[in-house]
Amino acid sequence: MTSHALLSASGAERWMACTPSPRAEESVSEESSEFAKEGTFAHGLAELKLSLHLGEIGKKEYNKRLKEQKTNEFYSEELEKYVDVYVDLAIEKINEARARTKDALILLEERLDYSPWVKEGFGTGDLVLISDDVLEIVDLKFGKGIKVEAQDNSQMKLYSLGAINDFGFLYDIKTIKMTICQPRLDHVSTDELVADDLLNWADNIVRPLADLAYEGKGEFKSGDHCRFCRIRYTCRQRAEDNLKIACLDFRPAPTLTDDKIVEVLTSIDELIKWAKDVEEYAFKEAANNGKQWPGFKLVEGRRTRRYSSEEKVAE
Ligand code: SF4
């Protein structure tokens with residue numbers, strides 16, 4: 001069993017926008033960043049604390065495992081403090097579910113199978129609660145980069161679909177609540193939707209796009225979603241879309257019109273991100289694999305190594 005689905009829930013925003021991307025990046029290996037490893041550790045610590053709260057483990061076992069966790073390279077009191085923010089929120093949600101019905105279903109780190117709509121699709125719900133006709137999914141995001149909203153969030157919606165698929169035969173789920181907790185950004189976002197609307201989205205939007213994506217078909221489309229794509233450095237579509245900005249038709253006026261300036265401003269963030277990605281790729285290839293880029297060389301600085309054109313080096 002693979003640990004990641006080809007059409008993952010976390011990558012849904014991307015593969016739904018650019019359906020050929022999952023197959024296009026398949027041959028490029030995934031680098032696990034230090035941030036990702038830290039996130040995995042934080043999830044494990046949160047699960048441990050909630051397992052104690054739910055009585056799944058006793059205090060003695062908890063203390064033993066917490067002691068082990070504290071020897072981990074990613075452990076710090078600050079990290080634990082942020083994990084506790086999520087744990088407090090999770091306990092609040094558990095209490096709300098139990099208030100609705102005392103035998104609420106409470107699951108930690110549950111594998112959720114949404115493969116009826118997305119071939120081989122599955123993900124992991126950090127906290128899944130089902131009480132009467134209410135399903136609630138709570139997701140911990142430990143990064144401190146970008147705030148993520150629960151509203152219309154494809155990842156959360158796919159997790160919810162997975163829970164309906166896995167438990168819908170036991171519960172008549174009508175309402176879905178989705179909560180994202182980003183403790184390091186002091187950010188909690190919640191959304192609520194009707195189960196029938198979710199199923200309509202799954203049947204009419206998700207399934208056709210997932211079928212295309214699984215086959216590697218459809219149109220390449222660049223955008224903000226490229227930032228987690230493994231071929232973002234060398235993707236032809238992304239390069240072409242960004243280079244279009246450099247090929248704006250500036251004639252006949254000798255200076256830019258207001259409209260053209262707005263056009264440049266609109267594209268500038270994506271253009272800068274793309275240019276930095278290409279530079280980073282070129283640097284890594286040169287530094288790690290000895291790749292020679294004609295006209296460029298690695299420059300040894302006092303504290304850093306960077307990549308520069310030979311003309312600049314000569315200046
Ligand atoms: S970099 Fe962007 S455009 Fe290229 S395959 Fe990936 S998601 Fe699609």
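Just so you know, ligand 1 is whichever comes first in the structure, and atom 1 is the first atom listed for that ligand. The first residue in the sequence is number 1, and the count goes up from there.
- For ligand 1, the protein residues placed under 4.0 Å by at least one non-hydrogen atom are R14, C18, S21, F220, K221, S222, H225, C226, C229, I231, R232, C235.
- Electrostatic pairing of E270 and K273 counts as a salt bridge here, judged by a charged N lying under 4.0 Å from a carboxylate O.
- Salt-bridge formation is not detected for the pair E38/K144: no Lys NZ or Arg NE/NH1/NH2 atom is positioned less than 4.0 Å from an Asp or Glu carboxylate oxygen.
- A cation-pi arrangement, defined by a distance under 6.0 Å to the six-membered ring centre and an angle within 45 degrees of its axis, is present between K291 and W293.
- W201 CH2 to D152 CG: the interatomic distance, rounded to the nearest 0.5 Å, is 8.0 Å.
- With Y214 as the aromatic partner, R23 meets the cation-pi criteria of under 6.0 angstrom to the ring centre and within 45 degrees of the ring axis.
- To the nearest 0.5 Å, atoms CG (L135) and OH (Y159) are separated by 13.5 Å.
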